[in-house]
Peer 1: 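Before anything else, here's the structure in question.
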2 protein chains.
Amino acid sequence: MSTTIDPYNVIPKYHQLALILKAQIVDGNWPPRSAIPAERQLETIYSISRTTIREAINLLIQQGYLYREHGRGTFVSPQKLQKKIMELTSFSEDMVKRGIRPGQIIRKVEIITPPTRIQRLLELPPNNTVIEIDRIRLGDGKPIGLQTSYIALQNPNTITKADLEELGSLYKILEQKFHIIPSEAEETLEVTLADLDEAKLLGILPGAPLLLSQRLLFDQNRKPVEFVRILYRGDKYQYYIRLVR
Amino acid sequence: MSTTIDPYNVIPKYHQLALILKAQIVDGNWPPRSAIPAERQLETIYSISRTTIREAINLLIQQGYLYREHGRGTFVSPQKLQKKIMELTSFSEDMVKRGIRPGQIIRKVEIITPPTRIQRLLELPPNNTVIEIDRIRLGDGKPIGLQTSYIALQNPNTITKADLEELGSLYKILEQKFHIIPSEAEETLEVTLADLDEAKLLGILPGAPLLLSQRLLFDQNRKPVEFVRILYRGDKYQYYIRLVR
DNA sequence: AAGTGGTCTAGACCACCTT
DNA sequence: AGGTGGTCTAGACCACTTC
């Protein structure tokens with residue numbers, strides 16, 4: 001990691017500065033709640049204008065690394081708030097964070113005409129097809145959840161079972177194959193009771209409580225790309241969220 | 001709502017402009033995905049510099065009202081993404097949004113020494129007191145949740161039952177009496193089963209499924225201010241979240 | 001080529017906090 | 001008073017999209 005700004009680099013200066021400051025923070029050189037150099041000091045240190053410096057700081061504030069206090073300075077946020085929200089939305093990453101080994105059994109990858117409710121949520125014209133993916137999600141080898149995804153792509157013929165088995169995460173496929181960046185999601189959570197099929201697949205008794213998550217995912221242009229429904233075993237799963245602003 | 005910028009107003013120009021643009025959007029004058037005037041047009045329309053205009057637009061992007069596309073323009077986000085995240089954290093506002101009349105029965109407002117787990121979460125020294133508030137939350141007059149809050153304040157002798165009954169919302173009290181602005185929260189959700197007391201208070205059968213929410217709230221300086229635990233009736237409540245970035 | 005947003009400069013003055 | 005962030009100006013050139 002460089003510690004100077006290269007004016008000829010394709011990376012914008014404010015972005016280069018943000019990376020430099022971020023490195024200081026994550027490396028622990030600047031402890032939580034300590035002040036970083038004042039904006040006018042950073043101006044002389046890095047020979048860039050204050051506007052550009054403020055842009056870099058704004059980035060790190062948005063990312064949860066810094067906060068400002070008028071008249072006092074700019075300070076490092078406590079470590080525990082430096083988590084990224086989107087880490088949540090990937091089941092695999094979520095499991096790894098909890099120290100649980102993620103796994104999956106892929107039950108179905110098919111091109112279908114979706115139910116009208118799904119069609120409406122994904123803002124699709126009638127008869128448009130989507131990819132349906134059904135999976136059993138495993139934690140340390142045991143079933144934790146049942147997941148059904150509906151994905152809207154221009155050419156739906158392009159996510160295969162092999163893709164999923166290779167990369168594991170749907171979000172990685174969307175980013176790497178289609179340059180679709182998951183940017184926002186709307187989600188509801190509620191309690192339901194397991195029916196016969198669900199109970200069988202999850203290895204629990206019918207009538208056992210489940211946590212039902214339904215999520216609509218949007219890309220960087222706020223277009224809906226995926227509707228996903230996950231049924232979690234109530235006794236095995238706790239849901240974590242971070243709310244901002 | 002004014003439609004011009006007053007340079008002598010105490011409200012900053014970029015903030016005034018953001019309010020003007022936001023009004024156009026929420027009033028429906030600018031439909032979703034339509035382009036707003038280009039930045040250089042806004043410069044001449046409102047006689048303010050482009051930097052200031054970009055600050056206003058940045059605000060509205062952060063709030064979910066607009067998005068940019070390089071080389072194309074700045075566009076209005078689809079309406080459904082224009083919700084504020086923090087609206088969630090207030091039970092009363094949440095209920096109003098769903099068309100349900102909120103209510104509460106205040107069972108306890110007391111100054112206590114908290115259990116060590118709560119003390120640790122709120123980053124308090126031993127023997128420090130907090131305010132505990134127990135409430136039954138009502139929707140259209142019927143119980144839907146049991147809520148217990150622990151609030152850490154410098155002088156804990158300052159939230160009364162009268163405050164709560166008058167303003168209804170704890171967040172309003174924090175803002176108006178203490179200038180504490182709820183800025184971030186960490187939350188977990190899980191399924192549990194009602195015990196005898198809980199069942200009685202909620203008017204359900206023991207063993208019925210409940211949604212347990214536990215939330216740690218941080219102020220604008222990322223200091224913990226409240227730990228709150230809410231048990232929702234599983235059959236009456238659906239939880240809504242918006243995830244960003 | 002023309003229009004759009006993306007980045008950047010070198011200033012200025014104001015508002016708030018600390019000493 | 002001096003230092004900090006907050007707001008603002010009037011430009012400049014670059015990168016991307018559309019025609």
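Values below: every heavy atom of this structure, side chains too, minus hydrogens, waters and symmetry copies. Below, chain A is the first sequence line, B the second, and so on; all start at residue 1.
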Peer 1: Looking at dT9(C), I'd like to know if its phosphate oxygens (OP1 or OP2) sit under 4.0 Å from a side-chain N or O belonging to Lys13(A).
Peer 2: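 For Lys13(A), the contact criterion (side-chain N or O under 4.0 Å from OP1 or OP2 of dT9(C)) is met.
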
Peer 1: Expressed in angstrom and rounded to an integer, what is the separation of Phe75(B) atom CZ from dG3(C) atom C1'?
Peer 2: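 Nearest whole value for this atom pair: 12 Å.
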
Peer 1: Summarise how protein sits on nucleotides 11-19 of chain C as a single string, 5' to 3': B when a protein heavy atom is under 4.0 Å from the base, S for sugar-phosphate-only contact, - for no contact.
Peer 2: -BB-BBSS-

Peer 1: Considering only side-chain heavy atoms of Thr52(B), which listed nucleotide, dT9(D), dG6(D), dT7(C), is closest?
Peer 2: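 So the nucleotide nearest the side chain must be dT9(D).
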
Peer 1: Hey, are the side chains of Leu17(A) and Ile48(A) touching, using non-hydrogen atoms and a 4.5 Å cut-off?
Peer 2: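 Yes, close enough: below the 4.5 Å cut-off.
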
Peer 1: Please tell me which of Pro12(A) and Ile36(B) maps to the more 5' nucleotide of DNA chain C, matching each residue to the nucleotide holding its nearest heavy atom.
Peer 2: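 Final value for this comparison: Ile36(B).
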
Peer 1: Once you round it to whole Å, what is the distance between C1' of dC8(C) and CD of Gln16(A)?
Peer 2: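 Rounded to the whole Å, the gap is 13 Å.
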
Peer 1: Measure the shortest side-chain to side-chain distance between Val130(B) and Ile112(B) over non-hydrogen atoms and say whether it is less than 4.5 angstrom.
Peer 2: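 When only atoms from C-beta onward are counted, Ile112(B) and Val130(B) do touch, with a gap below 4.5 Å.
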
Peer 1: Would you kindly give the CD1-to-P distance between Ile53(A) and dT4(D), to the nearest whole Å?
Peer 2: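 The distance from CD1 of Ile53(A) to P of dT4(D) comes to 12 Å, rounded to the nearest Å.
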
Peer 1: What is the distance from CD1 of Ile57(A) to P of dT7(C), rounded to the nearest Å?
Peer 2: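 Whole-Å distance recorded here is 16 Å.
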
Peer 1: Output the rounded distance in Å from CD (Glu39(B)) to C1' (dC8(D)).
Peer 2: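 So the two atoms are 16 Å apart, to the nearest Å.
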
Peer 1: Any side-chain heavy-atom pair from Trp30(A) and Ile36(A) closer than 4.5 angstrom?
Peer 2: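 They are in contact (side-chain heavy atoms under 4.5 Å apart), so the answer is yes.
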
Peer 1: OH of Tyr46(B) versus P of dT9(D): gap in Å, rounded?
Peer 2: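 Atom OH in Tyr46(B) sits about 15 Å away from atom P in dT9(D).
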
Peer 1: Are the charged groups of Arg54(B) and Glu55(A) less than 4.0 angstrom apart, N to O?
Peer 2: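 Between Glu55(A) and Arg54(B) there is no salt bridge, as every charged N stays at least 4.0 Å from the carboxylate O atoms.
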
Peer 1: If I compare all heavy atoms of Leu122(B) with all of Val225(B), which pair ends up nearest, and what's the gap?
Peer 2: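 Distance-wise, the nearest heavy atoms are CD2-C, 4.0 Å.
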
Peer 1: Would you say Arg54(A) places a side-chain N or O within less than 4.0 Å of OP1 or OP2 belonging to dG6(D)?
Peer 2: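 Yes, within the criterion.
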
Peer 1: Picking from dT9(C), dT7(C), dG5(D), which would you name as closest to the side chain of Ser49(A)?
Peer 2: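 Taking heavy atoms from C-beta onward, the closest nucleotide is dT9(C).
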
Peer 1: Rounded to the nearest angstrom, tell me the gap between atom OH in Tyr67(B) and atom C1' in dG5(C).
Peer 2: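 These atoms are roughly 14 Å apart.
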
Peer 1: Quickly work out the Ile5(A) CD1 to dT7(C) P distance and round it to whole Å.
Peer 2: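 Spelled out: CD1 on Ile5(A) to P on dT7(C) is 14 Å.
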
Peer 1: Can you see if the side chain of Gln41(B) gets near the phosphate of dT4(C) - specifically, an N or O under 4.0 Å from OP1 or OP2?
Peer 2: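 Yes, because at least one side-chain N or O of Gln41(B) sits under 4.0 Å from OP1 or OP2 of dT4(C).
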
Peer 1: Checking Glu187(A) against Ser213(A): is there a side-chain donor and acceptor pair closer than 3.5 Å?
Peer 2: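 There is such a pair between these side chains.
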
Peer 1: I need the minimum non-hydrogen distance between Tyr65(A) and Lys22(A), along with the two atoms involved.
Peer 2: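 Closest approach of Tyr65(A) to Lys22(A): OH-CE, 3.4 Å.
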
Peer 1: Between Ser47(A) and Glu69(B), which residue's closest nucleotide on DNA chain C lies nearer the 5′ terminus?
Peer 2: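 So the residue in question is Glu69(B).
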
Peer 1: Quick one: is dG6(D) close enough that its OP1 or OP2 comes under 4.0 Å of any side-chain N or O from Arg68(A)?
Peer 2: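 Yes.
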
